[in-house]
Amino acid sequence: MSHESAYLSAQHITKDFGPVRVLDDVSMDVNAGDVFSIIGPSGAGKSTFLRCMNLLETPTSGTLQIGDFTITIGPGHKHATKKELSTLRRNVGMVFQSFNLFPHLTVMENICLAQRRVLGRGRDEACERALVLLDRVGLQDKADAYPGRCSGGQQQRVAIARSLALDPKVMLFDEPTSALDPEVGAEILAVMRELADEGMTMMVVTHEMGFAREVGDQVFVMVDGRIVESGDPHQIMSDPSHERTKQFLSAVLGR
Amino acid sequence: MDLSTVWYIVQGVVWTVAITVLSFAIGALGGVGVAAARVSARRWVRVIARGVVDIIRSVPPLVWLFIVYFGLAELGLRFSPFQSAIITFSIIASVYLGEIYRGGLAALGAGQIEAAKSIGLGRPDLLVRIIAPQVVRTVSPSMATYGIGLMKDSALASTIGVVEMTFRANQVAQNTGQGLTAFALVGVIYLLLSAPVGIWTRRFDARLREKYLVA
Amino acid sequence: MDLTTWLGYVVELLPGLWKAIQLTVISLALGYPLALLFAVLMDSKIAPIRWIILVLVEVGRGLPLLVLLYLFYQGLPQLSIVLSALASAVWAFTWSAAAYATEIIRSSLRSVGGGQREAANAIGLDDRDQFRFVILPQAARIAIPPLLGLAIIMFQLTSLAYVIAYSEVMQSAYFLGTKTFNYFPVFLAAAAVYASVTIPASALVTGIERRLSRHV
């Protein structure tokens, strides 16, 4: 898989927090429509890597390419401009573990805000789109509610709708179900599965092995900031080759 | 400004510190009583405590100071300026520190008390070994901040004649016209006195946060 | 001391109350916007500006208000600047209020969780929009109760203007005391005057606080 044909390409991403190297030369090429899962023990750097994809974290060095947008970070290279960041984030949506809805705005306002301010859509257009998305995640009747009045699962669905409102080309999910009950989490995974079936390019950090196995096109196992194994989910989960992967999977699946 | 005048003003620090430390110490003890009354099981105790606390906090300290110094004198209770200052600020400090304790108690939560009871601890042990240490740790920064506030309030004692820093600076200003120098000097001393506490508070806060937040 | 005479004292103190309220309102009307400016400038990229604001805030908070008052009223004359009692009071109170309010505002801005900023970044909002639509509304809800509480405290502190001959409540009370020699009832009347404003005001602030934290 060459870098040029991939829709999203991360090359040699390295991230240091002071003396600690959290990401060590991580590379990943994602084609349009791919669903990649990233699994691994806590502290492995999975979330950090994901957040480098939309530059919520700035890598210490590496190259990021999404569609037509390329940026190389490191000594001697310029920082991303505000405009570049804005363009990047319009095309890359993110769903957080803790939802992060804006509590002082209604569900509808949460979904419309970026549409109006970032995409410049008019109020009516934004509202229409918001209602379509709310319908898609099954929350039409919650449009005028405040996040405080919504359950965790509902909030996460609103969060997904909010990210989709900008029509992103890639969706990043950072442990989207970790803060939810298993049953509720399953609802979210179902929404994510639908998205995948519709062809959305997705990168998912998760502990949900079922999702990684059934929905993912590829699985990446990250340990201590490095990808130790990657490939077909079914194959890796039933017959892992790397020692750390075996350790991790037996702890997670063997219960 | 000549050195002797500077020295005259600086000596006021002793009184400033005396008022602050004494009032704070008495208030720290009195605050326990106030907090206890505020959370008492008996409703009438709670209500009266709430009323007293509200009234004392709603009236400016200067007014209380005047009531104690000028007012009580009329009723036969004559206190010296210094005594009046201590009495007034001790009472006020008891109220404010009591409220700070109450906040710390609330933050502790019932769980601690339940856990202690379930392993058979009696009331005095419960208070001394479980509640007090935790509350003190939580409220120490707030208490320190209040202490600084109390030191600033001590300047009010100058209005009834206690010869602390502000009083002396005022005297010098009126006698020599060098008010700016005098009050600037006093200002610097107040800042120097409160700086170490401020730094300690910030460090303590940061250490507490580190301890309880495993990132 | 019968009730009618005492109530008479209260009435005589009312003009002083009005002056106290005036001083409070003017000082806050000047001080709070100033605090917002200070709060923003404290994060300025220009070091000298940061330092100047820091000094202004630390001195405003670190010195007793009484000393600030004296500085303007008794201190400036050393530089041949003579201010009226009202002017000195306004300068001192505004500085003090602005210094304390700056801390409240900065603290409220910090309290808006990092997750909010991340989410706003992730959906592509630029810094200005982030501040305007996400950070500021939430910070305001957090800052308003303590700012109102500070206002009540400032009102109480107007009693200090007594020392610079500003004719607010304490000044009036003192003169009334010297006239009638009934210091105790007179100062109790002063206490009552303050409490009659402070207690309802505090109750109002608690009510506002409750309403503001409904959604968040």
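Only this structure's heavy atoms are used, side chains among them; waters, hydrogens and symmetry mates stay out. In what follows, chains carry the letters A, B, and so on, assigned in the order in which the sequence lines appear, proteins first and then strands, with residues in each chain numbered from 1.
C:I46 CD1: 12 or fewer foreign heavy atoms inside a 6.0 Å radius. Atom CD of A:E128 has 12 or fewer neighbouring heavy atoms from other residues, nucleotides or ligands inside a 6.0 Å radius. Within a 6.0 Å sphere centred on CG of A:D68, other residues, nucleotides and ligands contribute 12 heavy atoms or fewer.
Between the CG atom of C:L212 and the NE2 atom of A:H104 there is a distance of 13.0 Å, given to the nearest 0.5 Å. In this structure, CZ on C:F133 lies 8.0 Å from CZ on A:R116, to the nearest 0.5 angstrom.
Across all non-hydrogen atoms, the minimal contact from A:S86 to C:G124 is OG-O, 3.8 Å. In terms of heavy-atom proximity, A:N54 sits nearest to C:A122 at ND2-CB, 4.0 Å.
Checked by atom type and distance alone, the side chain of A:N100 never pairs as donor or acceptor with a backbone atom of C:A119 at under 3.5 Å.
At a 4.5 Å heavy-atom cutoff, A:R90 makes no contact with chain C through either its backbone or its side chain. Contacts of C:D129 with chain A are made by side-chain atoms alone, with heavy-atom separations under 4.5 Å and no backbone atom involved. Neither the backbone nor the side chain of A:L85 comes within less than 4.5 Å of any heavy atom in chain C. The contact between C:R132 and chain A is made entirely by side chain atoms (from C-beta outward), counting heavy-atom distances below 4.5 Å. For a residue to count as touching a neighbouring chain, one of its non-hydrogen atoms must lie under 4.5 Å from one of that chain's; by this rule A:L101 touches chain C with the backbone only.
Interface residues of residues 92-99 of chain A toward chain C, defined by a heavy-atom distance below 4.5 Å and sorted by number: A:V92, A:M94, A:F96.
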For C:I123 and A:R162: C-alpha separation, side-chain torsions, deciding distance, then whether side chain to side chain contact (heavy atoms under 4.5 Å, CB included) applies. CA-CA 8 Å; C:I123 57 176; A:R162 181 175 65 174; 4.3 Å; yes
